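Report on the structure given below.
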Amino acid sequence: TYHFDVEASALATALDIFVSIFIAPLFTSSCAAREVKAVDSENSKNLTSNSRRLYQLIKSTAKADYAFAHFGTGNLETLATAPDAAGIDVRAALLDFHAKYYSANLMRMCLVSPLPLDDMAAMLHDAHVPLIANHNAPLPVFDSAAASRVSADSCLTDRLAAASPLPFADPPSGPHWYTMVPVSEERSMVFLFALPGLRHAYSTKPLALITHILGHEGSGSLLSALRAPGWATELSAYTYLEHWEFTVLAVKVMLTPAGLDSTDAIAAAVFHMLRLVAAAPDAVLAALYAEHAAMAEINFTFREKSSPRSTAKSLAVALHTYAPEHILVGPYLHSPAGLNVGLLRNVVLPCLVPELARVYVVAHATASSASLTERWYGTKYGRVELSSEQRALFNGTDSLPALCSTLALPELNPYIPDSFDILPGCDGVRPGSDDPLAPPVPLKLIDDATGRVFYIRDTVYAQPKVLGSVTLYSHE
């Protein structure tokens with residue numbers, strides 16, 4: 001992504017300079033050499049990041065012949081030393097790469113300014129945007145055959161079920177268990193599940209339902225069950241990777257020292273929760289999906305404005321994924337038809353099983369089992385062979401930990417609003433000041449042994465939102 005921001009009065013000049021980068025880049029040898037050093041410096045900074053190290057470890061342990069397994073960024077070795085030894089002209093390679101991929105049909109551009117639309121369109125024409133070469137280049141993907149299958153004009157469920165070029169070569173006898181030694185202090189478990197590409201399913205968002213259930217924090221949730229014995233402090237479920245050919249779902253659990261000694265029981269709980277989702281009636285899952293869709297609509301309707309730069313960046317990215325009419329609403333959009341049960345049952349849930357899972361335990365305490373070294377980051381890691389007893393535990397064929405009996409799907413939320421009228425209320429007490437802009441003083445609603453509660457009504461933005469702040473004091 002290339003982006004910039006300037007004063008509106010300088011936009012035309014800046015745009016002309018910006019577009020020239022794509023029409024006639026110089027790629028001088030000296031500039032290329034400096035950029036190699038800049039990339040190497042950026043990579044050196046990343047070497048101390050636990051998340052970067054884990055990401056590269058995931059890539060390095062993927063299918064060796066799959067492009068996803070390659071080094072994720074670059075360094076002096078890959079961009080200078082190795083090419084020189086192989087007799088490769090780096091500048092010539094850059095020019096070839098630019099000619100192959102920097103094609104107008106693969107580019108998306110978004111311009112945000114306070115100027116009239118006609119004026120901005122004229123600026124784009126004057127900046128010679130139409131002169132950017134269009135080679136009708138194919139979409140750069142890891143697997144072109146898979147991408148074409150996923151984007152075929154056929155039943156969504158059928159075409160996703162047919163496209164299964166996943167990034168991992170693991171046999172279906174998992175979970176496949178890894179340990180990783182971090183740089184900075186961290187204790188965590190990361191569960192990864194690879195699925196077919198779901199980008200085209202943005203209007204149905206089946207994974208939104210899964211992450212909603214797994215990331216729930218109320219009664220019966222994974223987090224509440226793992227917190228009860230003091231094993232976890234945080235839990236999050238999210239889409240970790242999303243490409244045209246594959247998607248990766250992640251569940252991350254931040255562990256306590258006691259949790260690090262209970263990883264088998266934690267894994268059993270995660271897999272048991274997924275079995276509860278699979279066993280739930282369609283009507284229950286559809287109701288939870290509808291609840292999530294309602295909150296997404298509310299968040300979209302009353303979202304706060306972002307900066308012009310952030311808006312331009314996010315919309316330019318959205319143009320690669322969403323239909324034109326969904327550019328703004330795409331991340332929040334849920335199908336009016338409700339949950340696509342077929343997609344969930346036939347494509348998503350069959351992938352969310354222990355046999356296809358990858359588990360990464362990240363902690364300094366795993367150093368004794370970390371006999372391997374990842375090439376690019378030098379990360380110490382290990383692969384753990386699980387016993388038949390562990391596999392039986394994770395598959396639910398052995399007796400489950402007691403905490404699994406507390407797990408349940410979330411109850412429906414009775415507090416999701418369907419009316420957004422701003423009700424009359426107290427505006428607070430105006431201070432004794434002649435300044436009309438002086439803010440009102442909050443009202444003190446409670447002041448006793450339990451604490452103090454203050455309230456003030458917003459009279460400026462008139463949005464149906466509540467901002468709460470709680471401060472706790474301890475004598476210890």
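Remember, it's a predicted structure, so these values are computed and weren't measured experimentally. Numbering of residues begins at 1 and proceeds along the displayed sequence.
Taking each heavy atom of Gly74 and Val39 in turn, the nearest pair found is O-CG1, 3.6 Å. Taking every heavy atom of both residues into account, Leu195 and Cys351 meet most closely at CG-CB, 3.9 Å. Annotation for Val362 and Pro182: closest pair CG1-CB, 3.8 Å, computed over non-hydrogen atoms. The minimum heavy-atom distance linking Leu333 with Lys205 is given by the pair O-NZ, 2.8 Å. Taking each heavy atom of Asn50 and Ser184 in turn, the nearest pair found is ND2-OG, 3.0 Å. Taking every heavy atom of both residues into account, Leu235 and Gly215 meet most closely at CD2-CA, 4.2 Å.
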Handout entry: Test side-chain contact (heavy atoms from CB on, under 4.5 Å) applied to Asn46 and Tyr377, step by step
Key = CA-CA 9 Å; Asn46 294 338; Tyr377 278 66; 3.7 Å; yes
Handout entry: Intermediate values then yes/no, side-chain hydrogen bond (donor to acceptor under 3.5 Å, both in side chains), Ser310 and Ser307
Key = CA-CA 5 Å; Ser310 297; Ser307 68; 3.0 Å; yes
Handout entry: Steps toward side-chain contact (heavy atoms from CB on, under 4.5 Å) verdict (Met109, Leu124)
Key = CA-CA 10 Å; Met109 185 176 186; Leu124 292 172; 3.7 Å; yes
Handout entry: Intermediate values then yes/no, side-chain contact (heavy atoms from CB on, under 4.5 Å), Thr78 and Trp376
Key = CA-CA 10 Å; Thr78 61; Trp376 300 111; 3.4 Å; yes
Practice task
Take His292 and Tyr289 through the test ring-ring contact (aromatic ring centres under 6.0 Å, His included) and record every step on the way to the result.
Solution key: CA-CA 5 Å; His292 189 274; Tyr289 178 87; 7.4 Å; no
Practice task
List the steps and the verdict of side-chain contact (heavy atoms from CB on, under 4.5 Å) for Leu76 and Val36.
Solution key: CA-CA 7 Å; Leu76 202 60; Val36 166; 3.8 Å; yes
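Counting only distance, with no hydrogens or angles, the side chain of Ser103 and the backbone of Leu106 share no donor-acceptor pair below 3.5 Å. Put simply, the side chain of Arg187 gets close to the backbone of Leu255: a donor and an acceptor are under 3.5 Å apart. Under the 3.5 Å distance criterion, the side-chain polar atoms of Ser49 are matched with a main-chain donor or acceptor of Arg52. Looking only at distances, a side-chain donor or acceptor of Thr301 sits under 3.5 Å from a matching main-chain atom of Glu297. Remark: side-chain polar atoms of Arg91 are paired, donor with acceptor, to backbone N or O of Phe27 under 3.5 angstrom. The backbone N or O of Leu223 sits nowhere less than 3.5 Å from a side-chain atom of Glu217 that would complete a donor-acceptor pair. The main-chain N or O of Ala137 is found under 3.5 Å from a side-chain atom of Asn105 such that the two form a donor-acceptor pair. Looking only at distances, no side-chain donor or acceptor of Thr13 sits under 3.5 Å from a matching main-chain atom of Ala10. Side chain of Thr247 to backbone of Leu198: a donor-acceptor contact under 3.5 angstrom is found.
Taking the six-membered ring where tryptophan is involved, the planes of Phe4 and Phe18 are tilted, since the angle between them lies from 30° to 60°. Between Phe271 and Phe193, the ring planes are perpendicular. Angles over 60° get that label, and only those under 30° would be called parallel. By the 30° and 60° cut-offs, the orientation of the rings of Tyr178 relative to Tyr381 is tilted. Aromatic ring pairs are classed by plane angle as parallel below 30°, tilted from 30° to 60° and perpendicular above 60°; the pair Tyr332 and Phe300 is tilted. The aromatic rings of His98 and Tyr102 sit parallel to each other, their planes meeting at less than 30°, with 60° as the upper class boundary.
Note that Lys59 lies in the cation-pi zone of Phe68, set by a 6.0 Å cut-off to the ring centre and a 45° limit from the axis.
Between Thr211 atom OG1 and Tyr238 atom OH the span is 11.5 Å, to the nearest 0.5 Å. We find the OG1-CZ distance between Thr1 and Arg108 to be 13.0 Å, quoted to the nearest 0.5 Å. Expressed to the nearest 0.5 Å, how far CE of Met189 lies from OH of Tyr360 amounts to 12.5 Å. Separation of atoms CE (Met295) and CD (Glu291) is listed at 8.5 Å; rounding is to 0.5 Å. Atom CG of Leu249 and atom CZ of Phe191 lie 11.5 Å apart (nearest 0.5 Å). Interatomic distance, Ser41 OG to Glu35 CD, rounded to the nearest 0.5 Å: 10.5 Å.
In this structure, the side chain to side chain donor-acceptor pair (under 3.5 Å) partners of Ser60, at least two apart in sequence or on a different chain, are Gln56, Glu374. Applying the side chain to side chain donor-acceptor pair (under 3.5 Å) criterion to Thr471, with sequence neighbours excluded, gives no partner residue. Qualifying side chain to side chain donor-acceptor pair (under 3.5 Å) partners for Asp126, counting only residues two or more places apart in sequence or in other chains: none. Taking Tyr202 as the reference, His326 meet the side chain to side chain donor-acceptor pair (under 3.5 Å) condition, with sequence neighbours excluded.
Between His200 and Trp244 the shortest side-chain heavy-atom distance falls below 4.5 Å. Looking at heavy atoms from C-beta onward, Tyr240 lies in side-chain contact with Ile58 at the 4.5 angstrom threshold. For the pair Asp264/Trp177, a side-chain contact is recorded, criterion being any heavy-atom separation below 4.5 Å from C-beta on. Between Leu349 and Leu344, the closest side-chain pair of non-hydrogen atoms falls below 4.5 Å. Between Val359 and His176 there is no side-chain heavy-atom pair separated by less than 4.5 Å. Between Asn340 and Pro206, the closest side-chain pair of non-hydrogen atoms is not below 4.5 Å. The shortest distance between side-chain heavy atoms of Met273 and His216 does not fall below 4.5 Å. Counting heavy atoms from C-beta outward, Glu42 and Thr73 have side chains that stay 4.5 Å or more apart.
Sorted by first and then second residue, the ring-ring contact (aromatic ring centres under 6.0 Å, His included) pairs involving residues 110-141 (not counting sequence neighbours) form an empty list. Every pair passing salt bridge (charged side-chain N to carboxylate O under 4.0 Å, His left out) that includes a residue from residues 348-371 is listed here, sequence neighbours excluded: Asp170-Arg358.
Ser335 and Ser203 share no side-chain donor-acceptor pair at under 3.5 Å. Checking Ser221 against Ser224 by side-chain atom types alone, a donor-acceptor pair falls below 3.5 Å.
Within 6.0 Å of CD on Glu325 lie more than 12 heavy atoms contributed by other residues, nucleotides or ligands. Enclosure of atom CD1 in Ile88 by more than 12 non-hydrogen atoms of other residues, nucleotides or ligands within 6.0 angstrom is indicated. At most 12 heavy atoms of other shown residues, nucleotides or ligands fall within 6.0 angstrom of atom NZ in Lys100.
Checked for salt-bridge contact, Glu186 and Arg53 miss the test: no charged N lies under 4.0 Å from a carboxylate O.
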